[in-house]
Number of protein chains: 2
Amino acid sequence: MRVSAGRDQPSRAVTLRDVARLAEVSTATASKALNGRPDVNPGTRARVLAAAERLSFSPNAMARGLSAGRSGTVGLLTSDLEGRFSLPILMGAEDAFGADRTSLFLCDARGDAIREQHHLRALLSRQVDGLIVVGARPDSRRSLGPNLPVPVVYAYSPSQDAADLSIVCDNVAGGRLAVDHLLACGRTRIAHITGDPGYGASHDRARGARDRLAEAGLELVGDGVWFGSWTESWGRRATRLLLEQTRELDAVFAGSDQIARGVLDVLQEEGLRVPEDVQVIGFDNWEVIAGESRPALSTVDMQLEALGRRAAQSLTAAIAGNPGAGTVELGCRVVQRDSTTPRGNDRDLPPRPG
Amino acid sequence: MRVSAGRDQPSRAVTLRDVARLAEVSTATASKALNGRPDVNPGTRARVLAAAERLSFSPNAMARGLSAGRSGTVGLLTSDLEGRFSLPILMGAEDAFGADRTSLFLCDARGDAIREQHHLRALLSRQVDGLIVVGARPDSRRSLGPNLPVPVVYAYSPSQDAADLSIVCDNVAGGRLAVDHLLACGRTRIAHITGDPGYGASHDRARGARDRLAEAGLELVGDGVWFGSWTESWGRRATRLLLEQTRELDAVFAGSDQIARGVLDVLQEEGLRVPEDVQVIGFDNWEVIAGESRPALSTVDMQLEALGRRAAQSLTAAIAGNPGAGTVELGCRVVQRDSTTPRGNDRDLPPRPG
DNA sequence: TTGTAAGCGTTATCAT
DNA sequence: ATGATAACGCTTACAA
């Protein structure tokens with residue numbers, strides 16, 4: 001039975017030597033047997049395995065790492081844990097590394113460069129095999145530098161250095177997708193209310209929206225893009241302003257679910273029915289917002305968990321000697337709820353010419 | 001200059017031997033000098049420090065840990081990263097351990113006991129010095145068991161084993177506080193709409209509310225507690241049902257901010273002004289909900305970040321040989337916004353008798 | 001197939 | 001004050 005330092009009498013941990021002794025072999029043989037090396041007599045292996053089992057042997061990862069020269073750990077350096085975008089990315093990464101028997105060190109720099117350096121040092125000193133830098137906003141960030149002893153992957157916020165590998169969300173494609181969906185719902189008079197113009201993502205999403213509209217020979221209604229802030233109250237205010245300017249609209253693409261929620265409220269206060277009169281699509285697929293609004297909000301999902309997984313896989317590849325470079329943009333998908341209503345589903349019909 | 005395995009030619013990492021060689025001392029002396037031991041000649045120490053600096057020496061934490069028998073790491077075992085309650089706790093813990101030069105391994109069991117066991121093994125194999133188990137809901141959970149080789153602190157979800165140390169939020173006190181605040185706002189006809197009756201926290205908060213009311217010689221309006229689910233839509237539905245039953249109420253205590261938000265919406269749809277006619281207080285202080293509702297929502301804050309810090313401190317103490325046991329309940333505080341309006345501030349007046 | 005022995009990078013003990 | 005030397009627990013040549 002394993003003993004406890006927590007409450008019972010503390011006792012030496014079980015080591016490979018204990019296992020070897022019990023199985024009556026050398027530590028070298030015990031090591032080989034446990035690590036599935038081929039040059040071990042099946043009978044011997046069985047004895048070793050049984051001994052390890054009986055003693056509940058668990059190899060000391062530090063010792064193993066020390067001799068192997070790799071720790072089997074990676075550092076997750078986030079800029080802002082509070083931001084709700086980091087979380088799904090962390091989860092995706094955690095998931096992907098789990099399969100890999102790689103453990104994660106979590107560090108939160110709280111948006112402070114000093115603290116980031118501090119954590120970076122700590123992580124390197126812990127001999128992490130690689131780093132994932134998770135940004136808080138979709139805009140680019142300073143590189144950690146080209147001279148690190150381990151590979152780095154930037155997730156969500158791309159690195160400014162093109163020689164680094166970054167995995168980000170394709171906001172232009174996201175914007176396209178949103179408008180595409182509204183067009184598929186039969187809407188043509190589409191307005192776009194979005195967040196902080198200081199964010200690259202605002203402009204990217206707007207560009208995707210405009211591009212898709214242009215392809216359909218259309219333009220944004222309401223005299224261009226309404227930039228503001230990523231809040232519900234801006235969504236409300238912008239909608240009021242928009243309606244003062246024109247009521248000739250049949251859909252709104254909101255740059256975030258929070259904004260969309262404000263849009264929904266004011267549209268309905270103003271007597272417009274959603275989705276009958278005006279359809280609304282958001283961005284983020286933030287369940288508690290999108291799922292609980294009235295009506296439930298259709299939205300664009302950035303698939304951040306997949307982004308985290310992808311970042312983990314890329315890092316694993318880089319650690320294995322296959323580094324990447326440049327910025328990889330991952331796609332979004334539409335999650336349809338009740339604020340948009342696609343026209344009759346064409347999937348079963350033969351493709352139309354053109 | 002430090003060289004890179006990432007993009008430049010890889011080269012051996014700098015070790016203590018390199019530093020010692022450059023400073024022309026033995027590794028033993030170099031170690032003492034760098035670790036601030038007293039028995040080192042100031043001149044020698046300066047030479048060593050300079051050498052370490054020049055080589056950007058960073059000690060290998062695995063080697064150090066192997067030799068010291070402690071890793072300087074702890075495991076953070078969460079049941080559900082998605083849940084928004086884990087996050088602030090993680091941040092608090094991260095913060096507290098940061099001061100301590102302790103690094104955190106992050107593991108998410110996703111509510112699965114098998115996965116939890118798997119992670120537990122991995123963490124022990126990594127020689128963590130202790131564990132924090134962060135629950136997803138405030139109800140108690142199975143203990144990890146009494147026979148672990150390292151101390152454990154349970155945060156948010158207490159362990160069912162009273163011999164374990166758990167740090168949780170005092171929901172009874174939170175409920176009291178909410179009602180206390182409404183009373184201080186001059187309200188006496190208070191209804192309580194809360195979430196899932198399967199959660200202990202629902203009952204605890206309700207009990208706190210009732211206790212405080214009883215002390216004031218009052219009872220809940222609306223025929224007792226309205227249990228349901230932790231959603232906005234339940235908040236809306238419950239409010240409609242409540243208003244059908246009675247309009248003789250001047251305040252609502254909602255069991256969560258999401259519920260409160262639904263309450264706010266329906267009260268106002270029904271022509272009641274908030275806070276003039278009915279005041280509303282929520283629970284959680286979930287900024288994006290409470291801060292963006294109309295009017296902005298007063299609410300009870302569980303101070304989860306402080307809880308995380310406290311858990312970290314307790315674990316540090318336990319690792320140092322001062323284990324604790326039992327359940328520690330931490331207090332809440334009211335965050336006042338616009339959905340409640342306290343009467344004239346009495347703080348500057350002399351205390352009233354009684 | 002098995003065992004011996006030399007590391008991995010650090011700290012601690014104990015001479016000097 | 002300084003320096004050999006032996007751990008710490010594991011892997012891996014290399015020898016037997």
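Here is how names work: the chains are called A, B, and so on, in the same order as the sequence lines, proteins then strands, and each is numbered from 1.
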Check [Y] with [X], please: is the shortest side-chain N to carboxylate O separation under 4.0 Å?
X        : Y        : answer
B/Asp112 : B/Arg110 : no
A/Asp18  : A/Arg12  : yes
A/Arg141 : A/Glu116 : yes

Close N/O contacts between protein and nucleotides 6-9 of chain C (under 3.5 Å):
| unit_1 | atom_1 | unit_2 | atom_2 | d |
| --- | --- | --- | --- | --- |
| C/dC8 | O2 | A/Ser67 | N | 3.4 |
| C/dG9 | N2 | B/Ala63 | O | 3.3 |

Of all nucleotides in DNA chain D with an atom under 4.0 Å from a non-hydrogen atom of chain A, which is the first and which the last going 5' to 3'?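 It runs D/dG9 to D/dT12.
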Can you give the donor-acceptor pairs under 3.5 Å from side chains of residues 69-76 of chain B to other protein atoms, not counting sequence neighbours?
| unit_1 | atom_1 | unit_2 | atom_2 | d |
| --- | --- | --- | --- | --- |
| B/Ser71 | OG | B/Thr73 | N | 3.2 |
| B/Ser71 | OG | B/Thr73 | OG1 | 2.7 |
| B/Ser71 | OG | B/Gln127 | O | 2.6 |
| B/Ser71 | OG | B/Asp129 | OD1 | 3.4 |

Write out all pairs satisfying ring pair (Phe, Tyr, Trp, His ring centres under 6.0 Å) with one or both partners inside residues 97-138 of chain A, taking only residues at least two apart or from two chains.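 Every ring pair (Phe, Tyr, Trp, His ring centres under 6.0 Å) pair that includes a residue of residues 97-138 of chain A, provided the two are not neighbours, is A/Phe105-B/Phe105.
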Ring pair (Phe, Tyr, Trp, His ring centres under 6.0 Å) contacts in which one or both residues fall within residues 304-330 of chain B, not counting sequence neighbours: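 For residues 304-330 of chain B: none.
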Please report the interatomic distance CZ(A/Arg115) to OG(A/Ser79), rounded to the nearest 0.5 Å.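 Those atoms lie 12.0 Å apart.
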Which residues satisfy the salt bridge (charged side-chain N to carboxylate O under 4.0 Å, His left out) test with B/Asp139, sequence neighbours excluded?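 Testing B/Asp139 for salt bridge (charged side-chain N to carboxylate O under 4.0 Å, His left out), a comparison that skips the adjacent residues, returns B/Arg137.
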What residues, two or more places apart in sequence or in another chain, satisfy ring-ring contact (aromatic ring centres under 6.0 Å, His included) together with B/Tyr154?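 B/Tyr154 satisfies ring-ring contact (aromatic ring centres under 6.0 Å, His included) with no residue once adjacent residues are dropped.
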Are A/Thr44 and C/dT1 close enough that a side-chain N or O sits under 4.0 Å from OP1 or OP2?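 False: A/Thr44 side-chain N/O out of range (4.0 Å or more) of C/dT1 OP1/OP2.
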Spacing of B/Asp39 atom CG relative to C/dT13 atom P, expressed in whole Å: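 Answer to the nearest Å: 12 Å.
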Check: residues 308-318 of chain A side-chain donor-acceptor pairs under 3.5 Å, at least two apart:
| unit_1 | atom_1 | unit_2 | atom_2 | d |
| --- | --- | --- | --- | --- |
| A/Ser314 | OG | A/Arg310 | O | 2.9 |
| A/Thr316 | OG1 | A/Asp100 | OD2 | 3.3 |
| A/Thr316 | OG1 | A/Ala312 | O | 2.9 |

Where is the tightest heavy-atom contact between B/Pro323 and B/Gly321, given as atom of each residue plus distance?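 Smallest interatomic distance, heavy atoms only, reads CD-O, 3.1 Å.
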Note the angle between the end axes of the helix from C/dT1-D/dA16 to C/dT16-D/dA1, five pairs defining each, rounded to 10 degrees.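 If I round to tens, the end axes sit 50° apart.
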Is there a residue in residues 26-35 of chain A whose heavy atoms reach under 4.0 Å of DNA chain D, and which residues are they?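 Residues of residues 26-35 of chain A under 4.0 Å from DNA chain D: A/Ala28, A/Ser31, A/Asn35.
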Give B/Arg37 one of three labels, base, sugar-phosphate or nothing, depending on what nucleic acid heavy atoms sit under 4.0 Å from its own.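 It contacts sugar-phosphate atoms only.
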Strictly by salt bridge (charged side-chain N to carboxylate O under 4.0 Å, His left out), give each pair with a member in residues 312-322 of chain A just once, sequence neighbours left out.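 Salt bridge (charged side-chain N to carboxylate O under 4.0 Å, His left out) check on residues 312-322 of chain A returns no pairs.
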How would you list all residue pairs meeting salt bridge (charged side-chain N to carboxylate O under 4.0 Å, His left out) that involve residues 24-48 of chain A, not counting sequence neighbours?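 Passing the test, one end in residues 24-48 of chain A: no pairs.
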